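Right, one structure below, let's go through it.
Fair warning: this is a prediction, and the values are worked out from it, not measured in the lab. The chains referred to below are lettered A, B, ... by the order of the sequence lines, with proteins before strands, and numbering in each begins at 1.
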Amino acid sequence: MEIMFNLALTLEKALQAAAVSAGFSGGAFAPDVRTADPRHGDYQANGVLAYAKSQKQNPRAMAEKLVAALAPDIQGAFAVTIAGPGFINFSIKPAVLQAWLAAHATAEQLAQGAASVSPKSGQAWIVDYSSPNTAKQMHVGHLRSAVIGEAVCRLLAFCGARVIRDNHIGDWGTQFGKLIWAYKRQLDTAAFARDPLEEFERLYKVGNNASEADPAVLKEAQQELVKLQAGDAENLAIWRRISEVSLTAFQVIYDQLGIKFDTTLGESFYNDKVEAVYRELADCGLAEVSQGALVVFHPEHPRFKTQPFIVRKSDGAANYASTDLATIRYRVEQYQASGVLYVVDKRQGDHFEQLFLTAGKWFEKTGRKLPHLEHLDFGTVLGENGKPLKTRSGENIRLKDLLAEATERARRLVDEKSAELPEAERQAIAEVVGVGSVQYADLSQNRSSDYVFAWDKMISLDGNTAAYLLYAVARIHSIFRKLDLAPGAGEAGASALETPTEIALARKLVKFSDAVQLATTQLRPHFLGTYLYELAGEFSAFYTADKVAVDDAPVRARRLALCARTALVLETGLRLLGLRTLTRM
RNA sequence: GGGGCGGUAGCUCAAUGGAUAGAGCAUCGGUCUUCGAAACCGAGUGUUGCGGGUUCGAGCCCCGCCCGCCCCGCCA
């Protein structure tokens, strides 16, 4: 039997073929193969139950018929049993486990395997994530989009997709009038030299407060905005400076999180493209004027038949509905994308539902092909009081402060646990562990739910944390260091897997393909996180029970192979989530 | 008022319509002369908010109710 990356898919196909030769009526039977509870096997096929029901047949008898029709190579590779009302259980035989491990010994082989079974392989996918506003520091509210978005990008790329990372920054809007007003009057050049973004942030507050206190100031600020939009050279120069400074500061954060965008096109870029959107929407009868604004209603929708999608404000200005529509059109024309994913706060669900509905009708009426558009929503980061996470004084927590604190906390632990390492290495470890802990805390839970941000749990070495996973990786490298071998060496002459912990670890390793597949099709990275945690747990149990560096050469060889493959899968998986890994910690 | 999401062990969270609902934390008890104890092994903990329904099978799907968070015309 050819060893496929995903054994569940092998079984799916084999069962489909068996169903044909067993005389199951075509089309009505779906094998429904999935990973199983290890107590029952590695995979289970549940499809016989539904099929037997539809045919008014006894499910166990049907299952037996199906199993009897399975190809001999499948019978040889799996222990097949029928259980309960008609589940078919498959346990991978140890020789097949070892063959899979031999066939997937490098990151390239894993990636090729993932691409070979992914329907997204070869497709172009645009991921719209992070998207902060310029002139402001990134804060904790920007964390999830960046972290989840990057993980999704890496998963898609691993599965063979061409990924376009697009940072749709908020660089256009009414706030720039107030900011420019204050910049011209109250710029603190010394503060600007120290930290320009911080100074812009201060100036915005100055402008905003002054506008609120004095209507005359508000008017002046609005004039500054009008001048900017009319292309006034001075205001445009200030605005450009704001963008430059902001992007430079954002990149510091992105570097820590391992993010590199392919394109950064903000709202300003689409400013001259919204007129065409208004015209087309009006021409094809989708948009109408209501209370002075240009709006789209969806009569077939229970809510959006009365809740308008405002595509142009009554003062004639664009809003994010306008630019988002223009952006869809631009992206479709620019890239032949199969889909666009928006990694945005779930509170904006209504907006995206209206956006997608509108875009769908607009494209249909204008004869364009609409790509798959999907809102990858995520919940709020809460403090331990259950309310959105803030500083004690009620301010947003800046991302740079958050990551710095994570690093400091990790540093204290490294100093405590690994005092013997050189200072520079301890600091480097602290950065990987600290930042990785923040990333992993976010990625280890279902993105759609809110989650409670708790430092102690996050940096902790117990439980489903980055530190636990990184520690498992470091211990494996430690074994190879001790034996003066590189991972992958010393595997020749391996004997057959034997002990329960060896076999349990190998069974888990093979399931990497299922975890990647699940995380990528659902676009939920936590499925991969859960898998990696379980894998690290299996490794730790194996490590405790079975000594690797034994004198018996065939035994050592097979255990070295397990170690090397575990490190490979853990490192590959952690990198897919956007984390860096270590060989010592 | 309309709508979205959620409610699972004391706490934080998992669970693709499948088998006896699982982890971690916390609690208690074991395991370091042996590859890193940042670890491992073991123990108890559940009316899956409530009530109906669909299904061979429901934490998951449908209906009603309770509670929490969020959204609902010109911010994004």
### Message
Using the side-chain heavy atoms of A:R303, tell me which of these nucleotides is nearest: B:G22, B:G2, B:C74.
### Response
B:G2
### Task
Return the nearest nucleotide to the side chain of A:D462; candidates are B:C40, B:G24, B:C74.
B:G24
### Task
Assign A:N446 to base, sugar-phosphate, or nothing according to its heavy-atom contacts below 4.0 angstrom with the strands shown.
sugar-phosphate
### Task
Considering just the side-chain nitrogens and oxygens of A:R347, establish if one lies under 4.0 Å of OP1 or OP2 belonging to B:C69.
no
### Query
Which part of the nucleic acid, if any, lies within contact of A:A83, taking any heavy atom under 4.0 Å across all strands shown: a base, the sugar-phosphate backbone alone, or nothing?
base
### Query
Relative to the ring of A:F29, is the ring of A:F24 parallel (under 30°), tilted (30 to 60°) or perpendicular (over 60°)?
perpendicular
### Query
How is A:Q291 classified with respect to the nucleic acid when contacts are heavy atoms under 4.0 Å: base, sugar-phosphate, or nothing?
base
### Message
Heavy atoms only, 4.0 Å cut-off, all strands: where does A:Y543 land among base, sugar-phosphate and nothing?
### Response
base
### Query
Nearest to the side chain of A:F87, which nucleotide is it out of B:G18, B:C40, B:C35?
B:G18
### Query
For the side chain of A:S418, counting heavy atoms from C-beta on, which of B:A76, B:C40, B:A38 is nearest?
B:A38
### Summary
Among the nucleotides B:A39, B:G36, B:G18, whichever has the atom closest to the side chain of A:N46 is B:G18
### Task
Please answer whether B:A14 and A:H526 are stacked, defined here as ring centres separated by less than 5.5 Å and planes angled under 30°.
no
### Message
Mind checking if A:K457 touches a base, just sugar-phosphate, or nothing, with heavy atoms under 4.0 Å?
### Response
sugar-phosphate
